[in-house]
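Because the structure is a prediction, the values reported are computed rather than measured.
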Amino acid sequence: MPHYDYDKDYPFAAFITNLGKYNEGFLVGEWVKFPTTAEELKKVFERIGIGAKDDFGQTYEEWFITDYDCYVDGLYDLLGEYANLDELNYLASKLDDMSQDEYERFQAAMKIGDHTGSIQELINLTENLDCYDIYPDIHDHDDLGRYYIEELDAMQVPEHLRNYIDYEAYGRDIALEESGQFTDRGYVWDTGDSFREYYDGERGSIPEEYRVMTFQDDIPKEEISEWAMDLAYDMDEFFRQHDPQYAAEHPEEHAAKEEIYENLMAGRISALDEKLAALGQTQEDYLPSEIEKFKDATSYEEFLDVAPQTIREAIENPDQSHVDEMLAFAEQANREYEAELYGQQAAPTPDDRETGETVRTPRGTFHVTDMSREQMVAAGYGFHHESEDGKYLIMTNGSRAFAIPNGDTPEHTAPEKLTVLVVEPMKEPYVKEIDPGLHALQAEVGGDIAASYPFDDPVGLVLNDEGKLIGLDLNRSLRDEHGEIYDIVAGTFLVAGLGEESFTSLPPELAQKYMEHFKQPEQFINLNGQIVALPVEPENPLRTAEMTLEDDYGMIDGIINNGRRGEELEKAQTEARRTTPEKKPSIRERLEDAKRECGERKPPDKAHQKKPPEHDL
């Protein structure tokens, strides 16, 4: 037995009250601790007058619960005044049978809100505690990161490097990957095991050892008749007050009450249930709760709940009736009977054909069964969604789900891409398709991711968690409804759509909207202690190439060499040659020319040279 709040040795107690006495102005009731026994509850009913007759000979048959003492955190709000006592005892017994570790997991699962909408779901939760695990002393991302590295050895880190590890970021990635949550009892995460339904809400599904209303199973026929008449009277009054059409169709009150009475006694109750539900009544209300008690006491069988008129219509016009459904039900019952009679096995169920493998999708983790799609449909399962790689179909019957191989999908089918809007500093945004998953998002923003949700639309900003710390360029400002800057995003960020559990592709209309919203790049300056955003022109991706190759810098427009510079240059060169005066050679140039000319002349013929005069010495 676990330790309940306030050191109690039971999970809760209920004050069971005689409804007839209560309506007469007397509070006659008694506290009952759960779990209890049929013998003890029978004594309580006798002490508070259930089964006794009033002064007019009418039997006190009805009871309700006026209060609870609850010592299981979060359970009180789920306990109603018309709760099924067998169901309450079933839950209390399952809680009492838990170890302290199982109880801690149960409480943690209740904290994160999984399968906690009704007593039925809580009973199933007690049978599925293997779907959850809890680390009691882990309360934030830093604790989680340290626990995985230092205790679970998820990563081998030398002792001298441990002070340089960002445990918080690592823990955040783990929690995101596992869909884990932090509660006041510690860190809770889904183990990936399939959640199975053991209890379907029907009294017949409650094991005999937990039933405590068995002492009412042998109610005398006269009391059943009186009970049915009281119910018929109450329902007729309720229908007349809340359904004008009913009053118009049943002007004779006595005849209407007789009709309801006959339906109750014949076990034709489903139509009454549907009418009460259509008028907004739930199992927490008096009439639906009392009908459930009546069903339990009269061994009501749903498959026999068929109106004679429906049978006549089926015979007269089979195509317009539910005859096929009735025949299918009968055939299935016959097969089960024959299987039991001859020791054969009935049709396989998904549980029988589990392979031991699991498939994880953004919507959860599912056990694989090797049944075909046709077999799953025959077992009452319908298509829900595909796995990301397209290799598996997820089939569900509303309460349970399994994965089956998708034989129609080729092995090489690529996972569906994620469409996002990429916003880089000093550039206009652009749409891009990336792979789904954490690693692709991290690659786009250049590090660990963080998410921000500053807009009313179903979109999120995926940004670098440490962009400002590591000095990434400031990108775009985020402003409040008054246009005032309250934050600045550093580094490249993404605008992605939001699904129920993860990021999804950005719809075209939202992509266009936020492309316009972030179209203008911004530069930020500190002016007198205040950050001011200045709009700047976005970078043109062709500008660098054009600046390198363009021959006309007056034509920097994204098209290379599309100006008139070539022909204008040729005209200018011609005019320069015409108007420029001839340049005189320098002295050095003239000397060089003279030397060259002398070298080119032939020496004179010596025969024609004059001889100098001879003189006698």
Side-chain angles (χ1 to χ4, degrees), residues 140-146 148-149 155 157-177 418 420-435 437-455 459-480 483-496 498 503 506 514-545 547-548:
D140 56 34
H141 291 120
D142 185 81
D143 289 345
L144 184 62
R146 291 182 183 277
Y148 265 72
I149 291 176
M155 181 189 303
V157 179
E159 186 69 30
H160 66 282
L161 294 179
R162 291 198 170 184
N163 290 334
Y164 299 94
I165 298 297
D166 189 342
Y167 292 99
E168 182 178 3
Y170 183 64
R172 186 182 301 108
D173 287 349
I174 292 172
L176 184 64
E177 186 72 24
L418 188 68
V420 298
L421 185 69
V422 183
V423 186
E424 298 184 34
M426 305 307 292
K427 294 183 181 180
E428 291 187 357
Y430 56 90
V431 175
K432 183 177 181 180
E433 288 188 343
I434 65 174
D435 293 330
L438 176 63
H439 296 301
L441 296 174
Q442 291 174 329
E444 289 297 323
V445 303
D448 294 331
I449 66 169
S452 176
Y453 311 98
F455 305 110
V459 300
L461 304 187
V462 182
L463 46 103
N464 190 306
D465 190 29
E466 299 179 336
K468 295 175 184 176
L469 295 177
I470 62 179
L472 296 182
D473 293 338
L474 297 182
N475 191 341
R476 300 296 202 276
S477 60
L478 301 179
R479 300 172 183 265
D480 58 22
E484 299 294 331
I485 297 176
Y486 67 85
D487 198 3
I488 300 173
V489 181
T492 298
F493 66 90
L494 311 177
V495 184
L498 289 181
F503 293 114
L506 192 65
Y514 287 97
M515 186 177 291
E516 290 296 324
H517 183 86
F518 290 115
K519 182 176 183 179
Q520 184 68 62
E522 294 176 311
Q523 189 171 7
F524 301 91
I525 63 173
N526 190 329
L527 186 61
N528 297 326
Q530 184 177 3
I531 300 297
V532 177
L534 302 177
V536 296
E537 288 299 319
E539 290 182 357
N540 187 335
L542 293 177
R543 184 178 181 87
T544 302
M547 289 291 290
T548 305

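Considering only residues two or more places apart in sequence or on other chains, Tyr148 meets the ring pair (Phe, Tyr, Trp, His ring centres under 6.0 Å) condition with none of them.
Here Arg172 does not pair with Asp166 in a salt bridge; the nearest charged N to carboxylate O distance is not below 4.0 Å.
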field: side-chain contact (heavy atoms from CB on, under 4.5 Å) evaluation trace for Leu494 with Phe503
entry: CA-CA 11 Å; Leu494 311 177; Phe503 293 114; over 6 Å; no
- prompt: So Phe455 and Val495, side-chain contact (heavy atoms from CB on, under 4.5 Å) or not? Walk me through it.
  reply: CA-CA 11 Å; Phe455 305 110; Val495 184; over 6 Å; no
- request: Go through Leu461 and Leu478 one step at a time and tell me if the side-chain contact (heavy atoms from CB on, under 4.5 Å) criterion holds.
  value: CA-CA 11 Å; Leu461 304 187; Leu478 301 179; 3.9 Å; yes
task: Determine, step by step, whether Ile434 and Leu418 satisfy the side-chain contact (heavy atoms from CB on, under 4.5 Å) criterion, reporting the C-alpha distance in whole Å, the side-chain angles of both residues, the deciding distance to 0.1 Å, and the verdict.
output: CA-CA 5 Å; Ile434 65 174; Leu418 188 68; 4.0 Å; yes
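The two residues Arg476 and Val423 have their closest heavy-atom pair at CZ-CG1, 3.7 Å. Summarising the geometry of Pro429 relative to Met515, their closest heavy-atom pair is CG-O, 3.8 Å, with the distance given to 0.1 Å. The two residues Pro425 and Leu474 have their closest heavy-atom pair at CB-O, 4.1 Å. Between Glu537 and Gln520 the shortest heavy-atom distance is N-NE2, 4.2 Å.
With hydrogens and angles disregarded, no donor-acceptor distance shorter than 3.5 Å links the side chain of Asp142 to the backbone of Tyr167. Side chain of Asn464 to backbone of Val445: a donor-acceptor contact under 3.5 angstrom is found. Distance alone, capped at 3.5 Å, places no donor-acceptor pair between the Glu522 side chain and the Val536 backbone. In terms of modelled atom types and a separation under 3.5 Å, the side chain of Arg146 and the main chain of His141 share no donor-acceptor contact.
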